[in-house]
Amino acid sequence: MKRFAVAFTGPSGSGKTTLVEKLSKELIKTREVAIIKHDPKDKGIFDKEGKDSYKFSQTGAEVVVTSPTRTTYFSQRQKELDEIIEMFNSFDILLVEGLKTLPLPRIAIFRGSIEESYISCSEAIAVDNSIDLSQYAIPQEIDILDLNNTQEIIEWIDNNAKSV
């Protein structure tokens, strides 16, 4: 089975989550989609205090909660990308938000201005009309995508995603 991955990066508030959500909703129509979200500030809360699953996860153990419609895995350990990929039973396309050090084809997302530190770790940038590209020195090898054109971004993914 061929499985592919692509990553998205950009400053806080640039629209990464919105784009990944839009892409997922479109891609899920014809493919199995998996998403990894990086939480660099460790702010994510995944359960309600007082519930059994919360109590179990607070012990530091690896915890799986299963129900008739979903399975949730709580880990108290940092996982490498390969380990996370193995946890997904199957997918056609993996969308990774963040983790800009991973060796994956990457689209940097910008609104309002381009933070040039993201350019060196990206193969493409997706921008909207709030950015005047003539104000920036974008290397020629960087593809420029329309942040509001989901189909254009999916085509780029289809042509550039890495087999994992």
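What you see is a predicted model; the values in this text were computed from it and never measured.
- The hydrophobic clustering, which links ILVMFWY residues whose side-chain heavy atoms are closer than 4.5 Å, places L147 and I144 apart.
- K16 places no side-chain N or O within donor-acceptor distance of the main-chain N or O of E97, the cut-off being under 3.5 Å.
- Applying the salt bridge (charged side-chain N to carboxylate O under 4.0 Å, His left out) criterion to D158, with sequence neighbours excluded, gives R31.
- The same ILVMFWY cluster, assembled from side-chain heavy atoms under 4.5 Å apart, contains both I131 and Y118.
- Here I109 contributes atom CD1 and T17 contributes atom OG1; the two are 10.0 Å apart, rounded to the nearest 0.5 Å.
- A7 approaches G98 most closely through the heavy-atom pair CB-O, 4.5 Å.
- A distance of 9.0 Å separates OG in S130 from CD1 in I114, rounded to the nearest 0.5 Å.
- Using a 4.5 Å cut-off on side-chain heavy atoms (C-beta onward), I35 and V33 make contact.
- Tracing side-chain contacts under 4.5 Å through hydrophobic residues (I, L, V, M, F, W, Y), one never reaches I142 starting from I153; they form parts of separate clusters.
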Exercise. Step by step, would you call F8 with V96 a side-chain contact (heavy atoms from CB on, under 4.5 Å)?
Worked result: CA-CA 6 Å; F8 302 85; V96 178; over 6 Å; no
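- Within 6.0 Å of CD in E141 there are more than 12 heavy atoms belonging to other residues, nucleotides or ligands.
- Remark: side-chain polar atoms of K162 are paired, donor with acceptor, to backbone N or O of P103 under 3.5 angstrom.
- Residue L145 is not grouped with residue Y136 when hydrophobic side chains (ILVMFWY) are merged at heavy-atom distances under 4.5 angstrom, including chains of intermediate members.
- P11 and S14 get closest at one heavy-atom pair: O-OG, 2.8 Å.
- The distance from the OG1 atom of T9 to the CD atom of E115 is 9.5 Å, given to the nearest 0.5 Å.
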For this session: Could you walk me through whether I125 and I138 pass side-chain contact (heavy atoms from CB on, under 4.5 Å), step by step?
Result: CA-CA 9 Å; I125 63 171; I138 308 296; 4.0 Å; yes
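- A donor-acceptor contact shorter than 3.5 Å is absent between the side chain of E32 and the backbone of D92.
- For the atom pair I93 CD1 and I28 CD1, the distance stands at 11.5 Å (nearest 0.5 Å).
- Between E80 and Q78, the shortest heavy-atom contact is OE2-OE1, 3.3 Å.
- Note that the OG1 atom of T150 and the CD1 atom of I154 stand 6.5 Å from one another [nearest 0.5 Å].
- Looking at E123, its side chain does come within 3.5 Å of a backbone N or O of R106 through a donor-acceptor pair.
- There is no path of hydrophobic side-chain contacts, each under 4.5 Å, that joins F4 to V164.
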Exercise. For W156 and D143, what are the C-alpha separation, side-chain angles and deciding distance, and is it a side-chain contact (heavy atoms from CB on, under 4.5 Å)?
Worked result: CA-CA 9 Å; W156 189 92; D143 294 320; 2.7 Å; yes
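- For the atom pair CD of E116 and CZ of F110, the computed distance is 8.5 Å after rounding to the nearest 0.5 Å.
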What side-chain donor-acceptor pairs closer than 3.5 Å can you find for residues 19-27, not counting sequence neighbours?
from: E21; atom 1: OE2; to: K25; atom 2: NZ; distance (Å): 3.4
from: E26; atom 1: OE1; to: K29; atom 2: NZ; distance (Å): 3.1

